[in-house]
Structure formats: structure tokens, C-alpha cells
*Asks:* 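Attaching a single structure in C-alpha cells format; questions to follow.
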Amino acid sequence: MVKFILEDSDDTLTTHSGLGLIGLLLSKTKFYKRFSSLKVPEIKSSPAILNGDVTTSYVGLLCQGKNDFDHIEEFRDDPFFYRALDIQVVPSSPTLRQRLDQIAKVTGWKSIVLEESAKLIRQFDSPVTPTITSDKKSYVPLDIDVSPFDNSNTKKEGVSRTYKGCDGYSPNFSYLGQEGYVVNVELREGSTHVQKDTEKFLEKSIIYSRMITDLSLLVRMDAGNDSVENLKVCVNEKADFIIKRNPRREKPENWLMVAEQFGKCVQEREGKRVFYGALETTPKGMKKAIRQVYKVTERTIDKNGQVKSTILCKFIPRKKQVIQLLCF
């Protein structure tokens, strides 16, 4: 049987010792300094509690999986919380709530968080794994997409019907590398269209990504973001891209005619032909041609032998440099 030795100790015991590492990481950034010097118009005089103390305290909560403002109360008399995060004062719950509301109205608060996060990743030489093409070229993927949240049965501000058929928010995210570093994020109301202001979000995402890596970027977006504005941003920022084509009101029969004339046909089985091909097209409003890869499937007999007639088109506009990445 194992014998346990019980001894008295004056050491401080804590259940959140991991905050020591969080504080160490924050000390390598200018997060505290930049927020402390941030001018908040609603605060006329020098506050007793600096903005840096407020924002750093909230980071300490988030790192423990706590987002309610009231959770800060249990740490107001916790000496380890102070020392680990290197802050002077832990705000009360009302102060935390009010100050964050005031800071949120100031232009530039979000850029502080995203810029310091990007610099921190680069500072520690964190791995950013690229995608390697068949010709041995490296591209770091930058994936951008809307991810609807399900906030059904709540009365939160901004909750509305999402395209997923539930009530919630429709935040936009951008992830860098195969590791999936979050380089940009934007909270949006649930009913917001996926393309609204996405070109600005895309431009900033590219800027933040280049603060982390010097490798070539490969922007990847879904059909909801098939927009000339996004294409222009990629071209102007010299970022390679793969954006799924949205055929909208184009007729599949017209694409079948193009595929039969210029594409490569593969007879997968009786009654099913698949055409692969590419063409150069210049979208309206752009001066530079974009390479568009298509896949057209014609079915006259289904897999059960029944006679039918369907045409399926798939498109991906892309730049020539990354044509090797396409796999059907």
C-alpha cells in the first residue's frame, strides 16, 4: 500500500497555474502597453484602472474558458492572478463590463489584438506548414469562410436567421497554414450575407498573414465568395487563390457545349460522361484574365440503369501558378 506524507506549507496553491505561461507570452508583446495608451473618448480623466489591466484580466478569464464578466470577482483577491499576468489591479465585474463596452467603440482596438497575436506567432518561430504542389512549390493556405453559430432560443443582440436555417450569428474566420492559426475574425449578425464587406476582411487577413510568414499565400474561399471584389484584392495583393465558382443563372447546357468542344472527356460508365477543362476569362470590372477550371458531368443513364438526363457543372477560378493543386 502506498504511504502518503502530509505536511503543512506556506506555499500558494492554485488551480490555474497555466496563467503563468499566458502571462509570459503576453509579456513578449505590447498588448498591455498599447491598450493602456489607447484613448477612449468616454473616459475624460486618467482612470484609476488602466485599460491594459482591464483587457489583460479578461484574457486571463478567456484562457480558463470563462467569458462571463461576473467570473472576474473570484480573482480580485487572488495574488497569483496578479503576479501571473503582471497587472496592477483586477477590475470588478461592472468595471470590466463598462470598460470593454467603451473600448469597443474606439477604432483600432481590434487591430491591437490581431497585430500582437500575429507578431507573437512569428516571434517564437511557430511552424506554418505550407501545401506542396507537384512541381515542388510551397503555398501557405489562407482559408476564409463564414461559420454560423446556433444561438437558438436566446435573446442576444444581433441573433437572426442564418443560412444554415438556425437563429444565431454568422462570424467570418480566416485560418492560416495547416495548423489553422486564426489571423482574423469578425462577429456578424446571423442574417448578414456571406459576401458583405468580405473584400475588406480578406485584405486585412492577407496583411496579418504576411506578418507571420514570408511564404506565398494561397487564398481558398467557397462559392458564396465568388465575387469580382475578392478577385481584385487577391490580384492587387499578389496572393494566389482558389475560389469556387458560383454558376448562378448560367445554363448547364451551355457549359456542356463548351466542354464537348474544348474539354477532355472521360467515359466513366455507360450513360455517364465527365469533361475536364480550363479556359481564360476576364470577369467584368477586371483587366486581367483569370484561369477557370471546370468539370461537367453528363448523365443519360443513372447507376441503376434508369434512363435520365442531367448535367452537373463544377467550377473553380484560379491563377495559373496553382493549377497543380486541383484534384477531382
Side-chain angles (χ1 to χ4, degrees), residues 14-16 18-120 149-160 167-173 182 184-192 197 200-201 204 208:
T14 178
T15 60
H16 41 274
L19 286 180
L21 296 177
I22 301 302
L24 177 61
L25 291 174
L26 288 174
S27 68
K28 303 298 181 180
T29 71
K30 296 181 180 179
F31 181 89
Y32 183 93
K33 182 178 180 180
R34 292 181 66 180
F35 268 109
S36 294
S37 60
L38 185 67
K39 301 298 182 182
V40 181
E42 294 187 9
I43 302 178
K44 303 301 181 181
S45 59
S46 179
I49 303 178
L50 297 177
N51 294 334
D53 289 327
V54 174
T55 53
T56 302
S57 295
Y58 195 57
V59 169
L61 286 184
L62 294 177
C63 290
Q64 299 178 73
K66 301 178 179 181
N67 60 356
D68 289 344
F69 298 127
D70 291 339
H71 286 152
I72 197 65
E73 293 297 333
E74 61 185 280
F75 299 104
R76 296 189 66 193
D77 297 322
D78 186 341
F80 180 78
F81 193 85
Y82 286 82
R83 293 198 295 265
L85 298 177
D86 193 21
I87 55 179
Q88 304 302 315
V89 181
V90 177
S92 64
S93 173
T95 299
L96 180 63
R97 178 185 294 104
Q98 294 169 7
R99 188 69 63 82
L100 290 181
D101 285 341
Q102 293 170 335
I103 293 175
K105 299 176 183 178
V106 179
T107 302
W109 73 267
K110 183 179 176 182
S111 62
I112 295 177
V113 177
L114 296 175
E115 288 172 8
E116 293 303 320
S117 296
K119 292 176 182 178
L120 184 64
F149 287 175
D150 187 350
N151 298 94
S152 301
N153 301 319
T154 65
K155 297 181 180 180
K156 296 181 179 180
E157 181 181 358
V159 169
S160 54
D167 292 331
Y169 297 102
S170 293
N172 214 351
F173 294 93
V182 179
N184 200 2
V185 63
E186 180 182 33
L187 181 63
R188 311 186 310 171
E189 294 185 4
S191 59
T192 304
D197 295 329
K200 299 177 184 178
F201 183 83
K204 291 181 180 179
Y208 294 138

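Every heavy atom of this structure was used, including side-chain atoms; hydrogens, water molecules and symmetry mates were not.
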*Asks:* Check whether any side-chain heavy atom of Thr55 sits under 4.5 Å from a side-chain heavy atom of Val59, and report yes or no.
*Replies:* no
*Asks:* Search all heavy atoms of Leu85 against all heavy atoms of Thr56 and return the closest pair with its distance.
*Replies:* CD1-O, 3.7 Å
*Asks:* Counting heavy atoms not belonging to Asp101, are there more than 12 under 6.0 Å from its CG?
*Replies:* yes
*Asks:* Are the side chains of Asn67 and Leu61 in touch, meaning some heavy atoms are under 4.5 Å apart?
*Replies:* no
*Asks:* Check whether Asp68 reaches the backbone of Asp70 with its side chain - one donor and one acceptor, N or O, closer than 3.5 Å.
*Replies:* no
*Asks:* Are the side chain of Thr192 and the backbone of Arg188 linked by a donor-acceptor contact shorter than 3.5 Å?
*Replies:* no
*Asks:* Specify the closest pair of heavy atoms between Ile103 and Phe35, including all atoms of both residues, with the distance to one decimal.
*Replies:* CG2-CE2, 4.0 Å
*Asks:* Without swapping roles, check the side chain of Lys119 against the backbone of Lys28 for a donor-acceptor pair under 3.5 Å.
*Replies:* no
*Asks:* Under a 3.5 Å distance rule, please check whether Glu116 uses its side chain to pair with a backbone N or O of Lys30 as donor and acceptor.
*Replies:* yes
*Asks:* Okay, side chain of Ser93, backbone of Glu73: is any donor-acceptor separation there less than 3.5 Å?
*Replies:* no
*Asks:* Looking only at atom types and distance, does a side-chain atom of Tyr169 sit under 3.5 Å from a main-chain N or O of Asp150, one as donor and one as acceptor?
*Replies:* no
*Asks:* Can you tell me how far CG of Leu26 sits from CG of Leu21, rounded to the nearest 0.5 angstrom?
*Replies:* 11.0 Å
*Asks:* Keeping Thr95 on the side-chain end and Pro91 on the backbone end, is there a donor-acceptor pair under 3.5 Å?
*Replies:* no
*Asks:* I want to check something: taking the side chain as every heavy atom from C-beta on, are Arg99 and Asn51 in contact at a cut-off of under 4.5 Å?
*Replies:* yes
*Asks:* Closest approach of Gln88 and Tyr32, non-hydrogen atoms and distance?
*Replies:* CG-OH, 4.2 Å
*Asks:* Measure the CG-SG distance between Leu19 and Cys63 for me, rounded to the nearest 0.5 Å.
*Replies:* 7.0 Å
*Asks:* To the nearest 0.5 Å, tell me how far Ile43 CD1 sits from Gln98 CD.
*Replies:* 10.0 Å
*Asks:* Could you tell me whether Glu115 and Arg34 make a salt bridge, using a distance below 4.0 angstrom between a side-chain N and a carboxylate O?
*Replies:* yes
*Asks:* Side-chain contact, heavy-atom cut-off 4.5 Å: Lys110 with Lys204?
*Replies:* no
*Asks:* Less than 4.5 Å apart, side chain to side chain, heavy atoms only: is that true for Asp86 and Ser27?
*Replies:* no
*Asks:* CG/Asn172 to CZ/Phe201 distance, rounded to the nearest 0.5 angstrom?
*Replies:* 4.5 Å
*Asks:* Indicate yes or no for a side-chain donor-acceptor contact from Asp53 to the backbone of Ile87 under 3.5 Å, with no hydrogens or angles considered.
*Replies:* no
*Asks:* Keeping the roles fixed (side chain from Ser36, backbone from Lys33), state whether a donor-acceptor pair exists under 3.5 Å.
*Replies:* no
*Asks:* Could you report the tightest heavy-atom contact between Ser92 and Ile72, atom names first, then the distance?
*Replies:* C-CG2, 3.9 Å
*Asks:* Any side-chain heavy atom of Phe80 sitting closer than 4.5 Å to one from His16?
*Replies:* yes
*Asks:* State, with a plain yes or no, whether a side-chain heavy atom of Ser57 is found less than 4.5 Å away from one of Tyr82.
*Replies:* no
*Asks:* Between Val90 and Arg76, which heavy-atom pair has the shortest distance, and what is it?
*Replies:* O-NE, 3.7 Å
*Asks:* With a 4.0 Å cut-off on N to O distance, would you call Glu186 and Lys200 a salt bridge?
*Replies:* no
*Asks:* Quick check: do Gln64 and Phe75 have side-chain heavy atoms less than 4.5 Å from each other?
*Replies:* yes
*Asks:* Once you round to the nearest 0.5 Å, how far does OG of Ser117 lie from CZ of Phe31?
*Replies:* 8.0 Å
*Asks:* So, do Tyr58 and Phe69 have ring centers that fall under 6.0 Å from each other?
*Replies:* yes
